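Here's the structure we're looking at; comments come further down.
Just so you know, these numbers come straight off a predicted model, no measurement behind them. Every heavy atom of this structure was used, including side-chain atoms; hydrogens, water molecules and symmetry mates were not.
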Amino acid sequence: MSKKQKKDKAACSTRQLMGIEEIKDYCIATRMGNLVFFIIKPTNISVLPDSSISARIYALLNVVKGQAEIEMLALNSKESFERNKDFYRERLSQEELPAVRRLLEQDSKHLDRIQVLMASSREFYIIIRLRGEQESDVFSYLSRIEQNINDNGFTTRRATEQDLKKMLGVYFEQNVTTEKFEDFDGDRWVIVGE
């Protein structure tokens with residue numbers, strides 16, 4: 001990579017680096033089309049009988065085959081502790097003092113307990129890529145898709161602008177603690193009119 005390319009890349013905003021032109025109130029605009037995200041409320045399949053799981057799979061198949069432009073995304077909605085656990089394992093293999101080894105083991109077990117509690121913390125999205133649809137037709141088209149998903153037994157809603165920012169924050173940065181995402185860093189500190 002040349003110095004000019006590095007400088008141009010350094011001057012890019014985070015959105016440009018991710019290929020995002022704009023985050024609208026209902027979609028993420030990219031050069032490859034607008035991406036509309038539907039949040040699917042997950043079902044705890046560990047408590048369902050095999051027949052119910054098969055029915056859920058068949059219902060999802062109906063959703064997917066009824067809409068050619070559907071893409072799917074699953075991601076963690078909570079923090080991952082894998083790096084922390086790797087650190088404890090490595091540190092434990094090097095530690096010679098029994099008291100410190102016990103503390104490291106306790107810390108590692110604590111992270112395991114937290115991970116188990118958050119094991120079902122997943123978010124599932126159905127993504128529709130809009131290419132060239134007229135703005136006036138988009139919302140009725142999206143309503144039909146949402147109705148189709150709901151008719152097949154899934155609880156869903158279209159992601160709002162804040163949902164999209166949260167999803168990007170978790171996906172790219174593992175940021176699960178921010179309550180409200182800003183358009184620009186430090187936006188909340190700007191006083192308008194001064």
Side-chain angles (χ1 to χ4, degrees), residues 14-82 113-183:
T14 304
R15 285 187 185 179
Q16 289 170 324
L17 290 172
M18 290 189 295
I20 295 173
E21 293 175 357
E22 181 183 4
I23 299 177
K24 298 181 179 181
D25 63 344
Y26 71 95
C27 72
I28 296 175
T30 72
R31 67 178 185 281
M32 302 297 288
N34 291 345
L35 302 175
V36 179
F37 290 76
F38 291 94
I39 301 171
I40 305 293
K41 184 177 180 190
T43 303
N44 185 357
I45 61 172
S46 63
V47 297
L48 295 177
D50 289 345
S51 59
S52 293
I53 294 172
S54 296
R56 299 295 287 168
I57 292 169
Y58 184 73
L60 182 60
L61 179 65
N62 284 334
V63 169
V64 172
K65 75 178 182 183
Q67 219 50 60
E69 57 278 337
I70 278 184
E71 299 171 38
M72 300 183 85
L73 174 67
L75 53 90
N76 292 330
S77 63
K78 299 293 180 198
E79 192 167 358
S80 172
F81 296 106
E82 288 308 312
R113 283 193 298 273
I114 292 172
Q115 199 80 31
V116 167
L117 292 173
M118 296 186 338
S120 61
S121 299
R122 300 268 190 263
E123 289 187 337
F124 300 93
Y125 297 87
I126 288 181
I127 307 164
I128 303 296
R129 189 179 299 268
L130 302 175
R131 291 189 177 105
E133 282 80 358
Q134 297 295 324
E135 190 78 26
S136 58
D137 300 334
V138 166
F139 290 107
S140 61
Y141 174 64
L142 295 175
S143 293
R144 284 195 305 275
I145 292 171
E146 187 172 357
Q147 187 62 46
N148 179 38
I149 296 168
N150 287 326
D151 287 348
N152 279 288
F154 296 96
T155 305
T156 187
R157 67 179 175 82
R158 195 168 354 130
T160 64
E161 184 177 0
Q162 278 301 309
D163 292 327
L164 295 172
K165 289 177 183 179
K166 177 181 174 279
M167 182 265 304
L168 290 170
V170 171
Y171 187 79
F172 285 103
E173 164 183 352
Q174 288 296 304
N175 181 346
V176 295
T177 56
T178 301
E179 296 280 326
K180 184 177 187 308
F181 288 86
E182 303 168 338
D183 287 327

Residue that, paired with Glu71, satisfies side-chain contact (heavy atoms from CB on, under 4.5 Å) out of Ile127, Ile126, Val64: Ile127
Distance (rounded to the nearest 0.5 Å) between Thr160 OG1 and Ile23 CD1: 11.0 Å
Closest approach of Arg158 to Glu146 (non-hydrogen atoms, all atoms of both residues): N-OE2, 3.9 Å
Side-chain touch Gln147/Arg144, heavy atoms, less than 4.5 angstrom: no
All ring-ring contact (aromatic ring centres under 6.0 Å, His included) counterparts of Phe139, not counting sequence neighbours: Tyr26
Residue pair Ile70 / Val63, side-chain heavy-atom distance below 4.5 Å: yes
Under the salt bridge (charged side-chain N to carboxylate O under 4.0 Å, His left out) test, residues paired with Asp163 that sit two or more places apart: Arg157
Atom pair CD (Glu161) and SG (Cys27), whose distance is rounded to the nearest 0.5 Å: 10.0 Å
Exercise: identify the closest heavy-atom pair between Leu164 and Ala159: CD2-CB, 3.8 Å
Tyr58 OH: over 12 foreign heavy atoms closer than 6.0 Å: no
Residue list, side-chain hydrogen bond (donor to acceptor under 3.5 Å, both in side chains) with Glu21, at least two apart or on another chain: none
Separation of Met72 CE from Leu60 CG (nearest 0.5 Å): 4.5 Å
Distance in Å, Asp151 CG paired with Asn62 CG, rounded so as to fall on 0.5 Å steps: 11.0 Å
Non-hydrogen side-chain atoms of Ile40 and Tyr125 separated by less than 4.5 Å: no
Any Asn150 side-chain heavy atom under 4.5 Å of Thr156 side chain: yes
Minimum side-chain heavy-atom gap Val138-Val36 below 4.5 Å: no
Stepwise side-chain contact (heavy atoms from CB on, under 4.5 Å) check, Ile57 with Ile53: CA-CA 6 Å; Ile57 292 169; Ile53 294 172; 4.0 Å; yes
For the student: nearest non-hydrogen atoms of Lys24 and Ala29, plus distance: CE-CB, 4.2 Å
